[in-house]
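Worksheet: the structure to be examined is printed underneath.
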There are 2 protein chains.
Amino acid sequence: MNIGEAARHAGVSAKMIRHYEQIGLIAPVPRTDAGYRIYGEREVHTLRFIRRARDLGFSVKAIGQLLALWQDRNRASADVKAFALAHIEALNAKAAELQAMARTLQHLADHCHGDHRPDCPILEDLAGDG
Amino acid sequence: MNIGEAARHAGVSAKMIRHYEQIGLIAPVPRTDAGYRIYGEREVHTLRFIRRARDLGFSVKAIGQLLALWQDRNRASADVKAFALAHIEALNAKAAELQAMARTLQHLADHCHGDHRPDCPILEDLAGDG
DNA sequence: CCTTGACCTTGACATCATGGGAAGCCCCAC
DNA sequence: GTGGGGCTTCCCATGATGTCAAGGTCAAGG
């Protein structure tokens, strides 16, 4: 199977597959005489794993560790769980940060007339005039 | 005032001040004979505005628009408000996305024993085995 | 046999905001 | 006049992805 087909099956762009190979996240695959990469079910499976991990917000570096855990038959589920919980923490922290920004801005917007007049507490706050 | 002092007063790194100048977010300032940038209160005020806007999650491009609104005495507060509300929407959407990831992962983690055994629904889900 | 179109290859560049570092000039205090 | 710290510019790196370009390849149809 060529890279394009593998990409379609895994839900990852061909570009990213090459990229993942280049940064060492996945191992290089065999090539045809013409230099075309050849993929099998096993590789597509790995790519799908990567795709799902990405959808859960894991960084490529973290995905590398997840792949290592996945391929290690002797890992303890506790290790995986700890890894996941740490990521959940990070996700929630980031979400909270964004919500705090939204709350602050909402508060400012609530006090803005929003009409044709120029006075605006939003800009006044940004300018430090408040 | 030199760039370092301006940076300290505004809470922005000197590196970023030069960058903001280079990308046109702020106007070039006068220089000494030796080529040192010279800043006054007015410039520091603008830099502080930029810093606050960044803290609220605005992109540099958006900050450019905010600066334009700030310096336009004829703007309607409605324009500023609409801009802010759109940003609030984006922030909330992003936060919701992160929380959805966290929720999914938490659900998987809840079903992981987290002991010495290798079986782990988290990896199984990522692998598509579920 | 040749063309056409779809696909593959590599490589370079862009995004966005920020930091790091190097080479070299400048200023002030001692 | 020297030492240390600040300034200048320029280049490189991050992280994940996309775009574009130039050129090779393959399969199908005339």
Side-chain angles (χ1 to χ4, degrees), chain A residues 1-26 28-40 43-44 46-67 87 90-91 94 97-98 101, chain B residues 1-26 28-40 43-44 46-67 87 90-91 94 97-98 101:
Chain A
M1 166 170 30
N2 282 340
I3 197 170
E5 200 181 342
R8 253 170 277 127
H9 280 94
V12 180
S13 74
K15 191 77 190 180
M16 290 317 297
I17 296 179
R18 293 193 196 99
H19 182 60
Y20 293 150
E21 179 184 308
Q22 210 207 334
I23 63 176
L25 184 64
I26 56 182
V29 293
R31 308 269 192 133
T32 66
D33 288 349
Y36 285 23
R37 290 175 180 79
I38 307 170
Y39 296 87
E43 284 75 30
V44 170
T46 300
L47 288 169
R48 230 179 266 134
F49 181 102
I50 292 173
R51 162 90 149 96
R52 291 216 175 85
R54 218 189 36 189
D55 286 350
L56 287 177
F58 285 99
S59 70
V60 166
K61 184 176 170 187
I63 294 175
Q65 301 180 259
L66 284 173
L67 282 172
H87 186 55
L91 287 170
K94 188 70 190 167
E97 193 185 324
L98 294 176
M101 291 176 183
Chain B
M1 163 169 31
N2 281 341
I3 197 171
E5 200 181 341
R8 253 169 278 128
H9 280 95
V12 180
S13 73
K15 197 83 184 180
M16 290 316 297
I17 296 179
R18 294 194 195 97
H19 181 62
Y20 291 150
E21 180 185 307
Q22 210 208 333
I23 64 177
L25 183 64
I26 55 182
V29 293
R31 308 270 190 132
T32 67
D33 288 349
Y36 285 22
R37 290 175 180 79
I38 308 171
Y39 295 88
E43 284 75 29
V44 170
T46 301
L47 288 169
R48 229 179 267 135
F49 181 103
I50 292 172
R51 162 89 150 93
R52 291 216 174 85
R54 279 223 55 69
D55 287 349
L56 288 178
F58 285 98
S59 70
V60 166
K61 185 177 169 187
I63 294 174
Q65 302 181 259
L66 284 173
L67 282 172
H87 186 55
L91 287 170
K94 188 70 189 166
E97 195 184 322
L98 294 176
M101 290 176 183

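Hydrogens, waters and symmetry mates are skipped; everything else that's a heavy atom, side chains included, is used. Please read these numbers as outputs of a predicted model, since none were measured by experiment. Below, chain A is the first sequence line, B the second, and so on; all start at residue 1.
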State, yes or no, whether a side-chain contact exists between B:Asn2 and B:Arg37 at a heavy-atom distance under 4.5 Å. no
Apply side-chain contact (heavy atoms from CB on, under 4.5 Å) to residues B:Ile26 and B:Ile50 and explain how you reach the verdict. CA-CA 10 Å; B:Ile26 55 182; B:Ile50 292 172; 3.6 Å; yes
Kindly give the heavy-atom pair with the smallest separation between A:Ser13 and A:Ala7, and that separation in Å. C-CB, 4.0 Å
In whole Å, what is the span from the CG atom of B:Leu25 to the P atom of C:dT18? 11 Å
To the nearest 10°, give me the bend of the helix from C:dC1-D:dG30 to C:dC30-D:dG1, comparing the axes of its five terminal pairs at either end. 30°
From CZ of B:Arg51 across to C1' of C:dA17 the rounded distance in Å is 14 Å
Between B:Glu21 and B:Arg31, is there a salt bridge with N-O shorter than 4.0 Å? yes
Residues in side-chain contact (heavy atoms from CB on, under 4.5 Å) with A:Arg8, at least two apart? A:Glu5
To the nearest Å, how far apart are B:Ile63 CD1 and C:dC16 P? 13 Å
Got B:Met101 and B:Leu98 here, is their nearest side-chain heavy-atom distance under 4.5 Å? yes
Between A:Ile3 and A:Tyr36, is any pair of side-chain heavy atoms under 4.5 Å apart? no
Nearest to side-chain heavy atoms of A:Arg18, which nucleotide of C:dC8, C:dT9, C:dT18: C:dT9
Are any of the side-chain heavy atoms of A:Ile63 and A:Arg54 separated by less than 4.5 Å? yes
Kindly compute the distance separating CZ (A:Phe49) from CG (A:Leu67), expressed to the nearest 0.5 Å. 5.0 Å
Are A:Val44 and A:Met1 side-chain neighbours, meaning at least one heavy-atom pair lies under 4.5 Å? yes
With no hydrogens and no angle check, is any side-chain donor or acceptor of A:His87 less than 3.5 Å from a backbone partner on A:Leu56? yes
Contacted region of DNA chain D by chain B, from 5' end to 3' end of the hits, cut-off under 4.0 Å to heavy atoms, spans D:dG6 to D:dC10
Summarise protein proximity over nucleotides 19-30 of chain C in one line of letters, 5' to 3': B for base, S for sugar-phosphate only, - for none, counting protein heavy atoms closer than 4.0 Å. BBB----BS---
Considering only heavy atoms, which members of residues 52-59 of chain B lie under 4.0 Å from some atom of DNA chain C? B:Arg54, B:Ser59
Atom NE2 of B:His19 and atom NZ of B:Lys15: how far apart are they, to the nearest 0.5 Å? 10.5 Å
Within this structure, what is the CD-to-P distance between A:Gln22 and C:dT9, rounded to whole angstrom? 13 Å
Applying side-chain contact (heavy atoms from CB on, under 4.5 Å) to A:Val60 and not counting sequence neighbours gives A:Tyr20, A:Ile23, A:Leu25
